Amino acid sequence: MTQDKPHVLIVDGMALLFRSFFATAMSGNYFKNDKGVPTNAVQGFARHVLAAQNLIQPTHMAICWDKGAHTFRNELYDGYKANRPKPAEELIPQFDMAQDLSKHLGWMNFGIVGMEADDTIASITHKWQDDAKFTIVSGDKDLLQLLHPSTEIAFTKKGFTIYDVYNEARFIEEYGISPLLFPDVKAFMGDTSDGYAGVKGIGPKTALQLVQTYGTVEKVIESLPLLKAGQRTKIETDLEMLKLSKELATIRRDVPIEAELDHLIVQDIASTKFDYLYEHGYTILARQLQK
């Protein structure tokens, strides 16, 4: 009898921390501790991870983070994410606090300077894709390119427990392409949130049709003589931006992951940790854990 493969829950820490911050900040609730430091994002993040853990029942866990605002993508293109506002003042101290709390609760943190959380997530799934199955929790649709027979993505939808779950089969049925071609679609349509333009005048529908018909960006370029005159002109006009957009949209899978799979095994949260939670003002979280 073959043993089931380990089931790894990978959490996009950045996505859940931002989501948790805005969930209460909109109404001015920052849940400040006795030092006056906000804790709303940290406590919401941890509650979300605990709920996901309870729902998914993984054997292993990893939390992935951005490390600094400047990444290799900014080196490629100085307009990358340039239009995003700076994090709110109340959120800034909570980045480090969330990682400290994760470590204290026995969740292993991953993050590499110059890389985004997406790249670290991809590299973890790539490193152990033959040895484990993965559920990624995030709100970032860019991660669709990571779908694989061993990898599903649970996109946050509502509250702590409602998710929109994608596996490879669902993606292929909806998009009619391999998940590996998703960056090619994004390269044509661009991404206003990330600040790269793609090809001006080509929207999501046409972008998908081009990739469905011809394949990669490179194959579409090879097939330019076959395209309608209007499409051909648009692509030729923005050819360099198209190539750059694909590079920006493609998640890296070669970030060094300095860990063994066994290091990610889920640990029981010992009762001794409650003193730490109360000391740091994480009272909502502590009460939930003690229920």
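These numbers come from a predicted model, not from an experiment.
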Next item on the list: Could you walk me through whether Asp119 and Arg73 pass salt bridge (charged side-chain N to carboxylate O under 4.0 Å, His left out), step by step?
Entry: CA-CA 11 Å; Asp119 303 303; Arg73 291 181 178 87; 2.8 Å; yes
Checklist line | Main-chain N/O of Thr71 paired with Asn74 side-chain donor or acceptor, under 3.5 Å | finding: yes
Item checked: Heavy-atom closest contact (Ala51 atom, Thr161 atom, distance) -> CB-CG2, 4.4 Å
Check: Can you find a pair of side-chain heavy atoms, one from Met189 and one from Ile202, that are under 4.5 Å apart?
Finding: no
Note to self: Please report the interatomic distance CZ(Phe110) to CE(Met115), rounded to the nearest 0.5 Å.
What the structure shows: 15.5 Å
Next item on the list: Kindly give the heavy-atom pair with the smallest separation between Leu17 and Ala98, and that separation in Å.
Entry: CD1-CB, 3.7 Å
Next item on the list: For residues Lys127 and Ala259, report the shortest heavy-atom separation together with the two atoms involved.
Entry: CE-O, 3.5 Å
Notebook entry, point to check: Can you tell if the side chain of Asp12 reaches within under 4.5 Å of the side chain of Asp118, non-hydrogen atoms only?
Noted result: yes
Notebook entry, point to check: Distance-only, no hydrogens or angles: does the Asn40 side chain make a donor-acceptor pair with backbone N or O of Thr24 under 3.5 Å?
Noted result: no
Item checked: Side chain Glu90, main chain Pro38, donor-acceptor under 3.5 Å -> no
Checklist line | For Thr206, all residues meeting side chain to side chain donor-acceptor pair (under 3.5 Å), sequence neighbours excluded | finding: none
Notebook entry, point to check: Is the side chain of Glu152 donor-acceptor paired with the backbone N or O of Lys133 at a distance under 3.5 Å, no angle test?
Noted result: no
Note to self: Let's go through Phe21 and Arg19 carefully: what are the C-alpha distance in whole Å and the side-chain angles of both, what is the deciding distance for side chain to side chain contact (heavy atoms under 4.5 Å, CB included) to 0.1 Å, and is it a yes or a no?
What the structure shows: CA-CA 5 Å; Phe21 177 78; Arg19 178 184 176 88; over 6 Å; no
Check: Atom CZ of Phe95 and atom NZ of Lys67: how far apart are they, to the nearest 0.5 Å?
Finding: 11.5 Å
Next item on the list: Sequence neighbours left out, what pairs pass side chain to side chain donor-acceptor pair (under 3.5 Å) with at least one residue falling in residues 56-66?
Entry: Trp65-Asn109
Next item on the list: Measure the shortest side-chain to side-chain distance between Lys200 and Lys234 over non-hydrogen atoms and say whether it is less than 4.5 angstrom.
Entry: no
Margin query: Between Val266 and Ile136, is there shared hydrophobic-cluster membership here, with clusters defined by ILVMFWY side-chain heavy atoms closer than 4.5 Å?
Written below: no
Note to self: Using 0.5 Å steps for rounding, measure from the OG atom of Ser150 to the CD atom of Glu168.
What the structure shows: 9.0 Å
Check: Can you find a pair of side-chain heavy atoms, one from His126 and one from Ser123, that are under 4.5 Å apart?
Finding: no
Item checked: Heavy-atom closest pair, residues Ser245 and Gly198 -> OG-N, 3.2 Å
Next item on the list: To the nearest 0.5 angstrom, please state how far the NE2 atom of His104 sits from the OH atom of Tyr282.
Entry: 10.0 Å
Notebook entry, point to check: Any donor-acceptor pair under 3.5 Å linking the side chain of Gln145 with the backbone of Ala249?
Noted result: yes
Check: Are Trp107 and Leu50 close enough that some pair of their side-chain heavy atoms sits under 4.5 Å apart?
Finding: yes
Note to self: With a 4.5 Å cut-off on side-chain heavy-atom distances among I, L, V, M, F, W and Y, is there a chain of contacts connecting Ile221 to Leu208?
What the structure shows: yes
Next item on the list: Please assess Asn29 against Ser27 for the test side chain to side chain donor-acceptor pair (under 3.5 Å), listing each intermediate value before the final yes or no.
Entry: CA-CA 6 Å; Asn29 292 324; Ser27 54; 3.2 Å; yes
Next item on the list: Given salt bridge (charged side-chain N to carboxylate O under 4.0 Å, His left out), test Lys5 with Asp131 step by step and report yes or no.
Entry: CA-CA 7 Å; Lys5 286 184 177 181; Asp131 307 310; over 6 Å; no
Check: Where do Ala41 and Ser20 come nearest, in terms of heavy atoms and distance?
Finding: O-CB, 3.5 Å
Next item on the list: Determine, for Phe72 and Arg252, whether the Lys NZ or Arg CZ falls below 6.0 Å from the six-membered ring centre while staying within 45 degrees of the axis.
Entry: yes
Check: Salt bridge or not for Arg84 and Asp194, using N-O below 4.0 Å?
Finding: yes
Item checked: Interatomic distance, Leu227 atom CG to Leu210 atom CG [nearest 0.5 angstrom] -> 6.0 Å
Margin query: Quick one, Phe171 with Phe182, criterion side chain to side chain contact (heavy atoms under 4.5 Å, CB included). Give me CA distance, side-chain angles, the key distance, then yes/no.
Written below: CA-CA 10 Å; Phe171 179 90; Phe182 191 60; 4.0 Å; yes
Next item on the list: Could you check if a side-chain atom of Tyr276 sits within less than 4.5 angstrom of a side-chain atom of Asp100, using non-hydrogen atoms only?
Entry: yes
Note to self: Tell me every residue that passes side-chain contact (heavy atoms from CB on, under 4.5 Å) with Ala52, counting only those two or more places apart in sequence or in another chain.
What the structure shows: Leu9, Ile56, Val137, Tyr163
Item checked: Worked verdict on Ile63 versus Met108 for side chain to side chain contact (heavy atoms under 4.5 Å, CB included) -> CA-CA 6 Å; Ile63 317 288; Met108 192 162 183; over 6 Å; no
Next item on the list: For residues Phe155 and Lys141, determine if any side-chain heavy atom of one lies less than 4.5 Å from a side-chain heavy atom of the other.
Entry: yes
Checklist line | side chain to side chain contact (heavy atoms under 4.5 Å, CB included) between Leu16 and Val49, intermediate numbers included | finding: CA-CA 8 Å; Leu16 292 195; Val49 175; 4.1 Å; yes
Note to self: Applying the side-chain contact (heavy atoms from CB on, under 4.5 Å) criterion to Ile177, which one of Ile172, Val185, Asp184 satisfies it?
What the structure shows: Val185
Check: According to a 4.5 Å side-chain heavy-atom criterion applied to Ile, Leu, Val, Met, Phe, Trp and Tyr, with indirect links allowed, do Val37 and Tyr30 form part of one hydrophobic cluster?
Finding: yes
Check: Side-chain heavy atoms under 4.5 angstrom apart, residues restricted to Ile, Leu, Val, Met, Phe, Trp, Tyr: same cluster for Tyr175 and Leu143?
Finding: yes
Note to self: Can you list everything that forms a side-chain contact (heavy atoms from CB on, under 4.5 Å) with Arg170? Sequence neighbours excluded, please.
What the structure shows: Asp164, Tyr166, Asn167, Glu174
Check: If you measure from CG on Leu244 to OH on Tyr80, what distance do you get to the nearest 0.5 Å?
Finding: 11.0 Å
Item checked: Ile284, Leu101, Leu277 screened by side-chain contact (heavy atoms from CB on, under 4.5 Å) with Gln43, the one that passes -> Ile284
Notebook entry, point to check: Is there a donor-acceptor pair under 3.5 Å between the side chain of Thr250 and the backbone N or O of Lys246?
Noted result: yes
Checklist line | Set of residues satisfying side-chain contact (heavy atoms from CB on, under 4.5 Å) with respect to Ile162, sequence neighbours excluded | finding: Lys157, Lys158
Check: Taking only residues two or more places apart in sequence, or in another chain, which ones meet Ile92 in a side-chain contact (heavy atoms from CB on, under 4.5 Å)?
Finding: Pro87
Checklist line | Test applied, side-chain contact (heavy atoms from CB on, under 4.5 Å); reference residue, Ile235; option that passes from Asp238, Thr233, Leu239 | finding: Leu239
Item checked: Verdict with supporting geometry, His280 and Thr39, side chain to side chain donor-acceptor pair (under 3.5 Å) -> CA-CA 9 Å; His280 288 75; Thr39 69; over 6 Å; no
Note to self: Could you report the tightest heavy-atom contact between Ile10 and Cys64, atom names first, then the distance?
What the structure shows: CG2-SG, 3.9 Å
Margin query: Would you say Val11 ends up clustered with Leu289 if hydrophobic residues are merged whenever their side chains have heavy atoms under 4.5 Å apart, either directly or through other cluster members?
Written below: yes
Notebook entry, point to check: Any side-chain heavy atom of Val8 within less than 4.5 Å of one from Trp128?
Noted result: no
